[in-house]
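Each remark here refers to the structure printed beneath this line.
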Amino acid sequence: MSDAPEFTDYVADILKEVGNIGAAHAATALSELIQEQVNMTVPSARMVPFREVPELLGGEEMLSAGVITQIKGSLSGNLLLVMAAESAVQLVTRLLPAESKGVQDFTAMDFSALAEVGNILGGSFINAISDLTGFTLHVTVPGVAVDMAGAILSICLLSAELTMDEALLVETSISQGTSSIDAHIILIPEPDSMDRLLKALGA
């Protein structure tokens, strides 16, 4: 019998709560950044086979924006914030009001704004995990990629030399006024780190 911990409904509930705590902190930081009220919710947190992730993001060929951050410390792996191209445009327009444009027209400043959002969301999520588990965790400076969803996931794996069968998918909804943006936070720990995380959460 395998000693590997199982991802139970109990752990899913804890991770959703972790996501909500991180989202609350991130919403406060984003509100200060754009000087407007921002709300964030986490509809679900679940473990999914990695091969199914592109489909959940809208398909491998869905044009998307991804912010990739490496996790260091008690856990190792990658944290990816990914959203459809139109959501990225909507978010950047909120941060840097300008004429409407596509992701192909993003400037260095636009990429920097997306990186800052990824840094805020990823940092808030990792801090919530750290507070709950007692693990010492920190994240690296994020990188931003605009490409097809399948390509962004490949970059995420290659950047940390990861070979994972499963990933933790946290759905996130960012709302400001009457508009909302759907994004996904994908935690891709190394296998040993995934086991340590699940055990620390009570699996």
Side-chain angles (χ1 to χ4, degrees), residues 4-31 38-60 62 64-69 71 75 77-88 90-91 114 117-133 135 137 139 142 149-150 152-153 156-157 162 164-176 178-189 191 193-203:
E6 295 182 356
F7 188 83
T8 62
D9 290 343
Y10 171 73
V11 173
D13 287 342
I14 291 178
L15 282 170
K16 183 179 176 183
E17 183 58 23
V18 169
N20 277 316
I21 293 170
H25 292 164
T28 299
L30 283 175
S31 296
V38 173
N39 297 306
M40 295 184 65
T41 58
V42 177
S44 71
R46 53 196 164 128
M47 194 79 79
V48 296
F50 197 84
R51 65 179 182 281
E52 295 180 8
V53 174
E55 195 62 33
L56 295 172
L57 300 179
E60 286 194 356
M62 170 71 77
S64 305
V67 185
I68 304 167
T69 305
I71 304 166
L75 302 176
N78 272 356
L79 188 72
L80 172 65
L81 170 69
V82 62
M83 65 191 80
E86 57 266 29
S87 288
Q90 188 177 344
L91 183 57
L114 273 180
V117 171
N119 197 36
I120 290 172
L121 267 63
S124 298
F125 185 68
I126 290 300
N127 285 340
I129 290 178
S130 181
D131 289 343
L132 186 66
T133 62
F135 288 159
L137 302 172
V139 295
I152 290 175
L153 288 168
C156 189
L157 288 179
L162 295 174
M164 288 296 299
D165 295 326
E166 293 183 305
L168 173 63
L169 186 70
V170 181
E171 293 181 79
T172 305
S173 179
I174 306 168
S175 62
Q176 187 265 326
T178 58
S179 63
S180 64
I181 296 168
D182 293 326
H184 292 86
I185 296 174
I186 305 171
L187 179 63
I188 313 170
S193 292
M194 179 70 85
D195 288 350
R196 283 201 298 277
L197 175 60
L198 294 181
K199 287 178 179 175
L201 294 176

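Reckoned from all heavy atoms, side chains included, excluding hydrogens, waters and symmetry mates.
Counting only distance, with no hydrogens or angles, the side chain of S130 and the backbone of I126 share no donor-acceptor pair below 3.5 Å. Checking side-chain atoms of S124 against main-chain N and O of A23 turns up no donor-acceptor pair under 3.5 Å.
The distance from the CD1 atom of I120 to the CE atom of M40 is 9.5 Å, given to the nearest 0.5 Å. In this structure, CZ in R46 is found 5.5 Å from CG in L56, a value given to the nearest 0.5 Å. Note: L197 CG to I71 CD1 = 9.0 Å, rounded to the nearest 0.5 Å. Annotation: the span from F125 atom CZ to T172 atom OG1 amounts to 8.0 Å, rounded to 0.5 Å.
Under the 4.5 Å side-chain criterion, counting only non-hydrogen atoms from C-beta, L121 is in contact with L30. Side-chain contact between L57 and M62 is absent, with no heavy-atom pair separated by less than 4.5 Å. No side-chain heavy atom of P189 sits under 4.5 Å from any side-chain heavy atom of L75. Looking at V48 and V53, their side chains come closer than 4.5 Å, going by heavy atoms from C-beta outward.
By the side chain to side chain donor-acceptor pair (under 3.5 Å) test, N39 is found to be paired with Q37, residues two or more places apart in sequence or in another chain being considered. Residues passing the side chain to side chain donor-acceptor pair (under 3.5 Å) test with S193 are R196, sequence neighbours excluded. Judged as a side chain to side chain contact (heavy atoms under 4.5 Å, CB included), and not counting sequence neighbours, the contacts of T28 are E32. Under the side chain to side chain donor-acceptor pair (under 3.5 Å) criterion, S175 pairs with no residue at all, not counting sequence neighbours.
Minimum heavy-atom separation, I152 to G66: CD1-N, 3.7 Å. Among all heavy-atom pairs drawn from L79 and G122, the shortest one is CD2-CA, 3.2 Å. Between G22 and A128, the shortest heavy-atom contact is N-CB, 4.0 Å.
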Donor-acceptor list for residues 14-21 side chains, cut-off 3.5 Å, not counting sequence neighbours:
{"from": "K16", "atom 1": "NZ", "to": "P43", "atom 2": "O", "distance (Å)": "3.3"}
{"from": "N20", "atom 1": "OD1", "to": "V42", "atom 2": "N", "distance (Å)": "3.4"}
{"from": "N20", "atom 1": "ND2", "to": "K16", "atom 2": "O", "distance (Å)": "3.3"}

Considering only distance and modelled atom types, tabulate donor-acceptor pairs under 3.5 Å from the side chains of residues 80-87, sequence neighbours left out.
none

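The 12-atom threshold is not exceeded at CD of E60, counting heavy atoms of other residues, nucleotides or ligands nearer than 6.0 Å.
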